[in-house]
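Letters A, B, ... mirror the listed sequences (proteins, then strands); counts begin at 1.
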Amino acid sequence: MSENDSNFIFDFISEDISEGGRFEGMTVHTRFPPEPNGYLHIGHAKALYIDFHTAEKFGGLCNLRMDDTNPTKEDEEYVDAIKEDIKWLGYDWGDRFYYASDYFPEMYRFAEELITKGLAYVCELTADQMKEMRGDLSNPARSPFRDRPAKESLDLFRRMKEGEFEDGRMTVRARIDLASGNFNMRDPAIYRINHMSHHQTGDAWCIYPMYDFAHPIEDAMEGITHSLCSLEFESHRPLYDWIIENCSVPCKPRQIEFARLGINHTVLSKRKLRNLVENGFVSGWDDPRMPTLCGLRRRGYTPASIRVFHERNGVSKVNSIVDYAFLEHCLREDLNSNAHRVMAVISPVKLIIDNYPEGVSDEFEVENNPEKPEDLTRKVSFSKELWIENDDFMEEPSRKYFRLFPGNEVRLKSAYVIKCTGFTKDADGKVTEVHATYDPDSRGGNTTDGRKIKATIHWVDARTAVDAQIRLYGSLFDTPEPDLADCNYLEHISPDSLNVISGAKLEASLASAQPAESFQFLRLGYFCADSIESAAGRLVFNRSVSLKDSFRV
RNA sequence: UGGGGUGUAGCCAAGUGGUAAGGCACGGGACUUUGACUCCCGCACUCGUAGGUUCAAAUCCUGCCACCCCAGCCA
């Protein structure tokens, strides 16, 4: 784990499980409770990291639970996607996979218990009336049904469950404090009527529990000791505790809140992301421009890089916006030490080695990763005609340019030292071919007379090169913080956030690259094999570029 | 205006009465079979702010300021 693996949550938990603490001698148990109404994004990965890592830290367990108490917004499609993304990220919930809906029967009984104790009642205020009677900062809320006898509420609640009433006709409300400064305590609704088929329970229920009532019960049913959630639930904690205190649940979990993640240039709102998908601004939840886990996966992000990103960002209660550059740093670091390096020429120009025999092919052993000799080498073919990067040649070298220009020597990575002898241009003055001679004694790239070669460039054999399209992905958004701006964020989608470059040349070894396999390309950054087009041999690669280098204005 | 939170560098973040860790970004240098990577060096006399307590305060006390969350039958 990271160098500084401590945070305020750990401090609370340590205290809780030590002598005299509320969970003395107990095993720490956490849970990750997504609502299956969208795909997981990098922000959820922070919660995943916190939930799973915290459990692990204390030798405990973390459950995966679908928080599916509102069938209106949820769908089975998301359940599978969420599980897949969590597995990909590398977290394991073992056999502890649950649905909040598993506990609907218990929740119903706890609601009955509250009513029986006079701590809840059936309220017939409409949504609008309830809003009107909610009160304000200086006036308490009201409800004419608050003192309804328990027997009557119990009867109505049963009839609600039997489907006797239409949607919205009545609710069950916890009887707490209509004058509380905390609006969540002003007799919050705990059950509502919704005649809708649920993706797990079908038509078994037409009343569904509200989050504030359901969540503490879900946690308690699973023996969760620490219910970690984001800051916006801080003012719900008194209600969480009230439910735990007044229902005869099997354990008393403690809720601890942490700040959620913000990343600049990045929208992390499920609602907005869904909007992008549904309106066709992107190709889907896994469009590589999306901050979803599946999008990042296609973009070439490795699970380790995302985990490390959150690990190093730390956990606090400060609403913070992390630089996107930090995420990129975490990826580069991982790729640099773990990904195979390959050669690709994005903007090719032909290099002809005039003194190299025609029709002859040679092969060079190139290390896959200089930092990891155990990753061995691959063979790269070489011949008289090669492709090199357009900007590795200059007709008139500028100051401090030490790559290829007439008269200059340069090393072809792992191959030979060559000397530029000339070039040809077309009618438009564009360089079409660069000519050079090679030093036959420099096989492998080392000179025999000890002369120093200042620059090394990458290349691809023209005879075996694979043609490719490179997709350049920039940020989807141009404003620094579209997520924070209360404006029409769709207006801020950068029209150039996707740019396709054709005619790139790749090393032949990439012909068999697997989708979503990540490579590091010498000098060019990092790539991910995204998909292989049906047209034979055409690979499509994503190239992630850092924002400052991107082509955006 | 009620309740709940948070303020340490451009961005994260440690720090819990003993004289401001670390990372990103940035600037400089060394090295290099890629100008990448790696490695060095630099980057807060001061912790939102004003006072107070103390030999000593980012840490304790008081006032003020700024920002975030809460009045869904969403989660």
Ring centroids only, cut at 6.0 angstrom: are A/His236 and A/Tyr240 within range, meaning strictly under it? no
Under 5.5 Å and under 30°: A/Phe402 stacked on B/rG35: yes
Under a 3.5 Å cut-off for both contacts, is B/rC31 paired Watson-Crick or G-U wobble with anything, and if yes, with which nucleotide? none
Counting side-chain heavy atoms from CB outward, which of B/rC68, B/rC24, B/rG5 is closest to A/Glu234? B/rG5
Sequence neighbours excluded, which residues qualify as side chain to side chain donor-acceptor pair (under 3.5 Å) partners of A/Arg134? none
In whole angstrom, give the distance that lies between atom CG of A/Asp177 and atom P of B/rA71. 17 Å
Which of the following nucleotides, B/rC24, B/rA13, B/rA75, is nearest to the side chain of A/Thr69? B/rA75
Over how many whole Å does the gap from A/Phe183 atom CZ to B/rC73 atom P extend? 13 Å
Those residues at least two apart in sequence (or on a different chain) that pass side chain to side chain contact (heavy atoms under 4.5 Å, CB included) with A/Ala47 are A/Phe32, A/Asp51, A/Phe258
Using a cut-off of 4.0 Å on non-hydrogen atoms, how would the nucleic acid contact of A/Lys131 be classed: base, sugar-phosphate, or nothing? sugar-phosphate
What integer distance in Å separates A/Asp5:CG from B/rG22:P? 19 Å
If you look at every strand shown and take non-hydrogen atoms under 4.0 Å, does A/His215 touch a base, only sugar-phosphate, or nothing? nothing
Minimum-distance nucleotide (side-chain atoms of A/Ser414 versus B/rC74, B/rC37, B/rU33): B/rU33
Regarding the side chain of A/Met130, the nearest nucleotide among B/rC73, B/rC37, B/rC74 is B/rC73
